There are 2 protein chains.
Amino acid sequence: MVAAGAELADEVGLGALTMGGLAERVGVRTPSLYKHVAGQEDLVRRIAALALSESAVAIGTAIQGLAGRDALAAAAQAFRAYVLAHPGRYAATVGLEPAGQDDPLVAAGVRALAAFRAVLRGYDLPAAEEDHALRTLRSAFHGFATLQAARGFQWSADVDESFGWMVDLLDRGLRRA
Amino acid sequence: MVAAGAELADEVGLGALTMGGLAERVGVRTPSLYKHVAGQEDLVRRIAALALSESAVAIGTAIQGLAGRDALAAAAQAFRAYVLAHPGRYAATVGLEPAGQDDPLVAAGVRALAAFRAVLRGYDLPAAEEDHALRTLRSAFHGFATLQAARGFQWSADVDESFGWMVDLLDRGLRRA
DNA sequence: TCCTGCAGCTAAAGCCGTTAGCCAAAAGCT
DNA sequence: AGCTTTTGGCTAACGGCTTTAGCTGCAGGA
């Protein structure tokens, strides 16, 4: 149910994810969906939780055995690959309030952050700066991925190359120049 | 008309910007709006053009007389202030295709990019890397601003401090470590 | 065996965007 | 001034979307 919604969102875009479309995909009439999800908002939340969980394991496995710059590059690649492969799922994760603390969303979010925290452990950062570094990485990766997914990079230069360049810059920056 | 739509989008969020709501705001029945805009998509495009134009002048004036790190910090501050003050307008700018080349959107986009290009001129970058640097700055600022606007930074550390930290990192990175 | 609850269905309401077609007033031309 | 055209509003209506209400059959446990 949620999995089918996630697939559909990846194919048509989160904005075009419709209850009717999902019903058709799973071979059911639209109102029947409400026996499984509370509504469209609930559906999107669950897709978001799925996306956070999946991306967390993707990044987590990508950085296994790596440290420092290698870990950063691997995490960045894994993150971007996930977002490009699953744009609908990822779009679901942005701009949602975590309702309650038993929300599976926060658990999934924490796991995703943990993967990036692991990357930062390879750099000698003062503890007080770890949160700043985490936010910086998240902003840069999130920004790049969403801009690319939205066709935000229209002009010439190669996008992969730009991404590598950005990762290099972040690595230099994290190593305290 | 577009200005009213931009205000409304800032207040209720771009996703909740509705033709009926805009009509009520300007004191008119809904179908009358179609004498001024071609439809909702057209409305959003025009709001986006407004946002790009406004943010371009905000950043442009902020960096006047500054160079290097000072210019970068000023541009970053101006950009973030604009996005936080006008989240609806800014949200309109992400994820749109520029239709025609006479589209006022591309002109406004070029002006916005020019402001960041001016900042980069204060660093000694090889010409081949300017596009990469531009994309990096855009990703980092866009990511940070949208994550903050979406209340994406839930945990403790001070957000302004994190932003400053990120700008420092970018500055170091741009100065080729 | 009976009964409870799950998972589907139809019907219908309400909101949104959009189009068609009408009309008055303002603006512009002779 | 008088006619004409454009402008900007209106009502009515359609189609699509989400969501609720209420019914029904069926599976699995008491």
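Since this is a predicted model, take the numbers as computed values, not measurements. Below, read A as the first sequence line, B as the second, and so on, with proteins coming before strands; counting in each chain starts at 1.
Looking at residues two or more places apart in sequence or on another chain, you find a ring-ring contact (aromatic ring centres under 6.0 Å, His included) between Y90(A) and F79(A), H142(A). For A92(A), the side chain to side chain contact (heavy atoms under 4.5 Å, CB included) test picks out L14(A), V44(A), I47(A), A48(A), with sequence neighbours left out. Contacts of D168(B) classified as side chain to side chain donor-acceptor pair (under 3.5 Å), with partners at least two apart in sequence or in another chain: R69(B). Under the rule for a side chain to side chain donor-acceptor pair (under 3.5 Å), the partners of Q148(B) that lie at least two apart in sequence or sit in another chain are R80(B). Scored by the side chain to side chain donor-acceptor pair (under 3.5 Å) test, D158(B) finds no partners at all (sequence neighbours excluded). E129(A) is linked by a side chain to side chain donor-acceptor pair (under 3.5 Å) to R176(A), W165(B), counting only residues two or more places apart in sequence or in another chain.
Using a 4.0 Å cut-off between charged side-chain N and carboxylate O, D124(B) and R175(B) make no salt bridge. Checked for salt-bridge contact, R117(B) and D131(B) meet the test: a charged N lies under 4.0 Å from a carboxylate O.
With hydrophobic clusters built from ILVMFWY side chains whose heavy atoms lie under 4.5 angstrom apart, I63(B) shares a cluster with L125(B).
Using modelled atom types and a 3.5 Å distance limit, the side chains of E54(A) and H86(A) yield no donor-acceptor pair.
Between Q40(A) atom CD and dC17(D) atom C1' there is a gap of 8 Å when expressed in whole angstrom units. Between the CG atom of L43(A) and the P atom of dC17(D) there is a distance of 15 Å, rounded to whole Å.
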What protein N or O atoms touch nucleotides 24-29 of chain D N or O atoms at under 3.5 angstrom, if any, and at what distances?
none

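Residues S53(B) and A108(B) approach most closely at N-CB, 4.1 Å, considering heavy atoms.
Listed by first then second residue, pairs satisfying salt bridge (charged side-chain N to carboxylate O under 4.0 Å, His left out) with a partner in residues 1-19 of chain B read E7(B)-R25(B), D10(B)-R89(B), E11(B)-R25(B), not counting sequence neighbours.
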Anything under 3.5 Å between a donor and an acceptor, one on a side chain of residues 27-36 of chain A, the other on a protein residue two or more places apart or in another chain? List them.
residue	atom	partner	partner atom	Å
S32(A)	OG	R29(A)	O	3.4

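Nucleotides of DNA chain C lying under 4.0 Å from heavy atoms of chain A occupy a range whose first and last members, 5' to 3', are dA7(C) to dA11(C).
DNA chain D is contacted by T18(A) of residues 10-18 of chain A, taking any non-hydrogen atom closer than 4.0 Å. A heavy atom lying under 4.0 Å from DNA chain D marks the following residues of residues 20-36 of chain B, by number: V28(B), R29(B), P31(B), S32(B), K35(B), H36(B).
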